[in-house]
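These notes are about the structure you will find just below.
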Amino acid sequence: MAKAKMIIDKDFKIAEVDKRIYGSFIEHLGRAVYNGIYQPGHPAADEDGFRKDVLQLIKELDVPIIRYPGGNFVSNFFWEDSVGPKEARKPRLDLAWRTLETNEFGLGEFAKWSEKAGSDIMMAINLGTRGIADALNLLEYCNLDTNSYYSNLRKSHGVQKPYNIKTWCLGNEMDGPWQMGHKTAVEYGRLAAETAKAMKAMDESIELVSCGSSNVDMPTFPEWEATTLEETYDYVDYISLHNYYGNPENDTEDFFAKTQDLERFIHTVIATCDYVKAKKRSKKTLNLSFDEWNVWFHATASDNEEMQKRPWQIAPHLLEDIYNFEDAILVGLILITFLNHADRLKMACLAQLVNVIAPIMTENDGGAYRQTIYYPFLHASKYGRGTALRSVVNSTKHDSKKHVDVTDIESAVVYNEEKDEVTIFAVNRNVNEDALFEADVRCFEGYRVLEYLALENDDMKVINTISGEKVSPINKTNYTLEDGIFTTTMKSCSWNVIRLGK
């Protein structure tokens, strides 16, 4: 049997968990906006055309920040077309996803929607086909209450108070040849630095995210980070990380081991940031924003055919991955990894939120439902707020096809001092064996088990549908807590949430 022993102490702290690691992403792509969050005439639509059934599922997740409007879409985005009277807005061809953007839903609508969703905005600016002047115009429109052109333009659109957006991305994946306005590291570094300086001169309260590599397999990684940060380090607050994971080989064991690659990715970016810090003799520590992450591979072939053979559609079905049970387990493993890097990883965006590689799916003329990956994200967002603790864990290990010394149990611990609760998140990623799990929680004297939730299934490919959920949390009772030692047997391939409190 696989085994793991854990020792937890409330004084062994990693860092306070920034709630923004439970952020998400809405891009003008596929059915994320149209027939996703926005569908006038739908039975569940409110007075603004926002789907209330979708809003309810998002509110359950308690998403603190949402990145908008892209993504690849932003690199040819003309924000002026998305504001003001709808009848005056210009439809545009979106070259990133080869669709037609009507601009019926734009910046003003998203600001109103995000307020209803209880989320702040992480606004991305176009540094692909546009530049500094347009970034300043957008910032003025969004954040300033002055007697100036773009501030007054917003007021003329019926929005008297500024949107006061505090987090801004300086472009998107500018290292990628697929990006409109793709740039070399030197070109992007100079443009991003000058844009950052100008934006902070206009509004010094904002935080800025510099583009990191599009993914860990880019040939320029991590040289891109080192080169761009030479220019931007003094002016930005975060560098972005993007990566997606898939299982095209249908190898569940190796799929679950891919968070080893994620660990190396995070460590490499941190090391590169700290190298630039040392080179500049700086006292400033740069943090990370993992503002695109998820499982993504199921719909790739059909997406490519759709964009090539049927271009310029409005809100076609694109990137609609249908997630299975093993995808939910990997999402849980990624969230555990993020919590264990809470000292440097301060923001993250599950990409995306509705219909497009998303935890929530809708039917155009029907309801909405939770995909399998909804639940680990929900549990982490709900119970993973507080202080991440550095537990001592000794787990048995196994090898997979491409990875060695893969721990059977991966775990993270969050202590919420205000609520007098501690939560253990754990995944048994051994595909063959249940695991005997033991946690020494004697530091938390007088605590009892409040709840033990788990995702378990013998079928790695089982999915949820509008007709019903075959993957949903169950309450576990097969545990003991005696003399401060918690003991249970975790089923193979399972996501586990153990909540202890006074």
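Just so you know, these numbers come straight off a predicted model, no measurement behind them.
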Heavy-atom neighbours of [X] [atom1] exceed 12 at 6.0 Å:
| X | atom1 | value |
| --- | --- | --- |
| K284 | NZ | yes |
| Y275 | OH | no |
| K402 | NZ | no |
| K200 | NZ | yes |

Donor-acceptor pair, side chain of [X] and main chain of [Y], under 3.5 angstrom:
| X | Y | answer |
| --- | --- | --- |
| D18 | M347 | no |
| D48 | F50 | no |
| Q160 | K155 | yes |
| D321 | H298 | yes |
| S119 | V63 | yes |
| S82 | F78 | no |
| E225 | C273 | no |
| R344 | L286 | yes |

Hey, is [X] close enough to [Y] for a salt bridge, meaning N to O under 4.0 Å?
| X | Y | answer |
| --- | --- | --- |
| K183 | E231 | no |
| R370 | E60 | yes |
| D459 | K470 | no |
| D81 | R92 | yes |
| E109 | K112 | no |
| K277 | D274 | no |
| E207 | K166 | no |
| K346 | D237 | no |

Shortest non-hydrogen separation from [X] to [Y] and the atoms involved:
| X | Y | value |
| --- | --- | --- |
| D327 | I322 | OD2-O, 4.4 Å |
| S151 | D145 | OG-CA, 3.7 Å |
| Y245 | F297 | O-CD2, 4.3 Å |
| A111 | S114 | O-OG, 3.0 Å |
| L345 | L288 | CD1-O, 3.7 Å |
| S381 | L61 | OG-O, 2.6 Å |

Could you give the distance from [atom1] ([X]) to [atom2] ([Y]), rounded to the nearest 0.5 Å?
| X | Y | atom1 | atom2 | answer |
| --- | --- | --- | --- | --- |
| L144 | N152 | CG | CG | 10.5 Å |
| W312 | M307 | CH2 | CE | 11.0 Å |
| L319 | W296 | CG | CH2 | 4.5 Å |
| I58 | L353 | CD1 | CG | 4.0 Å |
| D175 | S213 | CG | OG | 5.0 Å |
| I357 | L29 | CD1 | CG | 7.5 Å |

Please lay out, stage by stage, how E320 and N355 fare under the test side chain to side chain donor-acceptor pair (under 3.5 Å).
CA-CA 6 Å; E320 296 197 9; N355 286 332; 5.2 Å; no
Taking atom types as modelled, is there a side-chain donor on [X] or [Y] under 3.5 Å from an acceptor on the other?
| X | Y | answer |
| --- | --- | --- |
| E115 | Y163 | no |
| E104 | Y38 | yes |
| T129 | N76 | yes |
| R89 | N103 | no |
| D53 | H42 | no |
| E140 | S148 | yes |
| E263 | H341 | yes |
| E469 | Y375 | yes |

Can we call the ring centroids of F221 and W224 under 6.0 Å apart?
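Centroid distance F221-W224: not below 6.0 Å, so no.
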Looking at side-chain heavy atoms only, is the closest gap between [X] and [Y] below 4.5 Å?
| X | Y | answer |
| --- | --- | --- |
| L335 | F425 | no |
| I239 | T272 | no |
| H403 | K258 | yes |
| E305 | R310 | yes |

R154: which residues meet the salt bridge (Lys or Arg N to Asp or Glu O under 4.0 Å) condition with it, sequence neighbours left out?
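Here no residue qualifies.
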Decide side chain to side chain contact (heavy atoms under 4.5 Å, CB included) for T102 and Y34; before the verdict, give the C-alpha distance in whole Å, the side-chain angles of both, and the deciding distance to 0.1 Å.
CA-CA 10 Å; T102 65; Y34 305 108; 3.4 Å; yes
What residues form a side chain to side chain contact (heavy atoms under 4.5 Å, CB included) with [X], not counting sequence neighbours?
| X | answer |
| --- | --- |
| A196 | L170, L208, Y235, V236 |
| D234 | K280 |
| D365 | Q39 |
| S467 | T465 |

Taking H242 as the fixed residue, which of N172, N215, V216 is the one that meets the side chain to side chain contact (heavy atoms under 4.5 Å, CB included) rule?
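It is N172; the other options fail the test.
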Could you walk me through whether K116 and E47 satisfy the salt bridge (Lys or Arg N to Asp or Glu O under 4.0 Å) test, starting with their C-alpha distance in whole Å, then the side-chain angles of each, then the deciding distance to 0.1 Å, before giving a yes or no?
CA-CA 12 Å; K116 289 186 177 184; E47 67 280 2; 3.3 Å; yes
Which label fits H28 and F73: parallel for a plane angle under 30°, tilted from 30 to 60°, or perpendicular past 60°?
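Geometry flag for F73 against H28: parallel rings.
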List in chain and number order the residues that pass side chain to side chain donor-acceptor pair (under 3.5 Å) with E204, two or more places apart in sequence or in another chain; answer none if no residue qualifies.
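If we apply the side chain to side chain donor-acceptor pair (under 3.5 Å) test to E204, skipping adjacent residues, there are no hits.
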Going by the ring pair (Phe, Tyr, Trp, His ring centres under 6.0 Å) test, name the single residue among Y150, Y149, W79 that passes it with Y141.
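Only one option passes, and that is W79.
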